[in-house]
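Worksheet: the structure to be examined is printed underneath.
Proteins get letters first, then strands, A, B, ... in listed order; numbering begins at 1 in each.
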Amino acid sequence: MKAAVLVFPGINRERDMARTLRLVSGREPAMVWHADTALPPGTDLVVVPGGFSYGDYLRCGAIAARAPIMDAVRAFADKGGLVLGVCNGFQILCESGLLPGVLMRNQNLRFICRDVYLRVERSDTPFTRGYNAGQVIRVPVAHGEGNYIADGETIARLEGEGRVLFRYASPDGLLDPDWNHNGAINGIAGILGERGNVLGMMPHPENHVEASMGRTDGRGLFAGLVDHLAQAA
Amino acid sequence: MLRNEPAITPELIADHGLKPDEYERILKLIGRAPSFTELGIFSAMWNEHCSYKSSKVHLRGLPTKAPWVIQGPGENAGVIDIGDGLAVVFKMESHNHPSYIEPYQGAATGVGGILRDVFTMGARPIACLNALSFGDPRHPKTRHLVSGVVAGIGGYGNSFGVPTVGGQVRFHARYDGNCLVNAMAVGIAQADKIFYSAASGVGMPIVYLGSKTGRDGIHGATMASAEFGADAEEKRPTVQVGDPFSEKLLLEACLEIMAKDCVIAIQDMGAAGLTSSAVEMGAKGNLGVDLDLDAVPCREEGMSAYEMMLSESQERMLMVLKPEKEAEAEAIFRKWGLDFAVVGRTTPSMRFVVRHGGNVMADLPIKELGDEAPVYRRPFVDTVKPHAIRAADVTAPVALADALETLIATPDLCSKRWVWEQYDHVILGNTVQRPGGDAAVVRIEEGPKALALTADVTPRYCEADPFEGGKQAVAEAWRNITAVGGRPLAITDNLNFGNPERPEIMGQLVGCIRGIAAACEALAFPVVSGNVSLYNETNGRAILPTPTIGGVGVLPDFTKSATLAFKAAGEVVLLVGETVGWLGQSLYLRDICGREEGAPPPVDLAVERRNGDFVRKLIDDGIVTAVHDLSDGGLAVALAEMAMAGRVGARLDGAPDGVPPHAFWFGEDQARYLVTAKTADVEAILAGARSAGVPVMRLGTTAGDALAIAGERALPVAALITRFEAWLPAYMAGRTDNGSL
Amino acid sequence: MKARVTVTLKSGILDPQGKAIEGALKSLGVAGVASVRQGKVFDIEIEGADRARAEAVLKEAAEKLLANTVIENYRVDVLP
Amino acid sequence: MKARVTVTLKSGILDPQGKAIEGALKSLGVAGVASVRQGKVFDIEIEGADRARAEAVLKEAAEKLLANTVIENYRVDVLP
Ligand SMILES: Nc1ncnc2c1ncn2[C@@H]1O[C@H](COP(=O)(O)OP(=O)(O)O)[C@@H](O)[C@H]1O
Ligand SMILES: [Mg+2]
């Protein structure tokens, strides 16, 4: 895996992400500065990490989405390259048009940091091959604006094309408003882009990958990517 | 000089919080009347906040030394050595008055300020804590303050990117109109790469870094030391707005130029911004400072010298750079989009000279500005020791089970989840123990070394007996660190009190400091940094004396840290420490019997240390499965917390003869812990206890899904959890107003 | 020149913040508010005195950054 | 009745958002923007047709919730 982690001013979970990529793939990712215009040669995975790019000012991800490096990311995705956006990264991908929809303020208008349960909807994607369809994983969220919405047509398409990869659910995998902390429509926690090579998700799988730290539920996502890329190569 | 500045009048002097005799002192010092700008500079340097004039003589009594202390009080933050070439840099600071005036921004800038103190010294912040005291939940302003303060702390820390992992939240009518916001930051640095504020070398460039200067918080420093009156609202225009985004950039830029070895001295601009940072750098380095305000990056038109010198705009730093590295440093700051300007030079003159628009606006002796600040030995009277309450004289108004059910849903004892879920407590991926336990445990990089962090104080104890209360605050911090398996190393103390010009308040301050000193001494737990906040009064009514203690300990291996949750049914529950059933100042007495009285539980520091060392050894040996220290609410509440955390019940024997049951279950005797162990290990533990002379008592076993005390109604754990979690969210949603559900 | 760009949510896009504010107002006892929708204003200083140019600049700013035209409308007013 | 409450920062109060937006516009090549300050608008439906009452309600809403009068000014417009 030759991962590139984008670094925008105000991003603050890039260290978490870089460490996880190293722990799971055995290889240090390249850290790519927002003002750069090209990705490192041979990059096979672009990760847009979490944080508060530009302080979340104006709209979460809005300013970062217009940074020079994003043109390179768009071109990379158009060629089928794998792109993962987590939390602020998800917001940036939506603002940049790589993913549809918007992430609004959480229903209760408060920032929420807690472990949530996600139902993995499909296992036949590069991002979820490390899991079984229907499996429930427990990972942390930490965001104030993770309430996913899009117009009815877009939602219908996402659902119809099976592009919803993760949903907030109860520990036994049921959709339940009490277990949907931010009020996202249909409990949507993570979605695929049209071509299935771009994933945006609000929760932080990168924070649950070490057994010594308690839980490894997030590891499957990264291990799956490593396997996929190894096969592709 | 002194062109187009207002004339100095007695009113103007009073407005600057300077007493007539203090003004006389200024006249003697400089041999002439000060200019308006100079008056502002003196008021900033000589106010309580910067000069510690009321507390200085007493703070000298605090133990500040230990082999592992690298830097004690006096720098931006304290520094301790934790081995492997690593140092922990930490400090706690209050932002009480600003938070009362504008809760969100006041709390946010409080967090920003303390983070700057830590990374100014070359450390990367790895954790924040906060200790909050609010008024009676029924007070009309309380809910608004809680929501604003919590959102502000989260808003700043979350965006900056540091996990907020612990703290405490308490409510008491004595904080009506004067809430307390004490924020603590902890960072990690290379032990041989700590940066200090003393300038060195003549003619060195003094560089201004960070955000631009506006009219923010002018008079903030003076305000922060001014007693509150009905006119608090009038002080509003001085509100400072925090910009965590700029602070994050400032952090990365500072650490980058420090790594490139560009820095001779660095000082963040906190209270009294440019004035105190520049004076400090010069005075500490035995150098003069010559500032050219025309070079200061300003956000607003036509700012006067006075305004620039007193502005408390946030996210700013002052540095003395190695001249040959100036260009390299500037490039780094530009890359991060931050302002960079050479605003002065160090001089041999030992004078603090401020130029603006071709005029000399101030020319003062730099040493005296700091060192000659008035120091007061204010008169004080010791608090009268309250009578000890005999448990036998307290009748139990309700059944034990009912009392427990009530207590865990009171504002002070209920779950603070509503608060800490608004704080990102997992970012950086090193939070081993999240909020909800005794001390938070934060791994250093990928471990195995970790820090145990806590913030504690029991103000009602301090009010009843400042000396014992001071001891207890330190002891509880030490205990919380011990309870997770940490070795307590050092503390930061944040002393929040009323008006020191009143002898009884001064008596509380002196008493608490003596108690803190005694405990630090006995527990080898020195003070390495701290902060004093006085004049916390509203219309002549003081807050409860609140000396918040921030404790730091180290664990060699984070995977061995103990947690408070019951792990499984069938384990033996043991009580470590002696229980006489001390009800004086207990929450049982206050919230169940409606009596806020008596002497607080005494702290026997020798016993504290003996029992703690014993428990820590049990954790090291890995023969205990859960550990929890006893504090507010006593034994029954601690058991409930362990049961709720593990969703496992327990069956417990009745109180031993000689101790009234309600006193046994709810007394707040100190130096106690609860542990659970596998049956097979119990004998070894008891034997160890005997040889260590530590009283250990078998209470019962974990079992089923209810907490059942012999002869009492069994309490289903699920129902306890519901009550424990319900109060704060219900209160914040406006569904309950009274003290309880 | 002074100008103001006002950005509002397109109708049909739901506004959780507005909804929450409606709720909060009710619980604060503020009666008679049927609905609330929240938007943004940007008060902008434009260099020069050419009105037409100013409007062009503001439109560009709105399109490129200030508004997310997928869900938001914007309106530009150059103040006299 | 339709109304709009506009909330803006008091002058002199730092506006980090505005500052960041200024920077972003520059790097996006939008020229001629001297300064940006961000505020909020609330588009509100008021029940009934009594203008005076509507204004009173809006003022109350602004004071109690919509504006943080410590650092913000607000202005109420009931639309014709
Ligand atoms: N303001 C806060 N921020 C973060 N965590 C908090 C806060 N207040 C309380 N907590 C957490 O809630 C738990 C219970 O707090 P407390 O009752 O003070 O514990 P203790 O009695 O062990 O000192 C602790 O883990 C503490 O860190
Ligand atoms: Mg404890």
Would you sort out whether Q107(A) and K19(C) count as a side-chain contact (heavy atoms from CB on, under 4.5 Å), showing the intermediate values? CA-CA 9 Å; Q107(A) 213 164 25; K19(C) 278 265 159 296; over 6 Å; no
Kindly compute the distance separating CG (D151(A)) from CD1 (I13(C)), expressed to the nearest 0.5 Å. 6.5 Å
Between [X] and chain C, which part of the residue has a heavy atom less than 4.5 Å away: side chain, backbone, both or neither?
X       : value
I63(A)  : both
N147(A) : side chain
L109(A) : side chain

Heavy-atom contact with chain A under 4.5 Å, split by part of [X]:
X      : answer
L65(C) : both
A67(C) : backbone
L9(C)  : side chain
Q38(C) : neither

Give a yes or no on whether the backbone of P16(C) and the side-chain of R105(A) come within a donor-acceptor separation of less than 3.5 Å. no
Positions in residues 73-104 of chain A that reach chain C, provided some heavy atom is under 4.5 Å away: E95(A), V102(A), M104(A)
What pairs with D77(C) under side-chain hydrogen bond (donor to acceptor under 3.5 Å, both in side chains), at least two apart in sequence or on another chain? R75(C)
Kindly check if the number of other-residue, nucleotide or ligand heavy atoms within 6.0 Å of NZ (K2(C)) is above 12? no
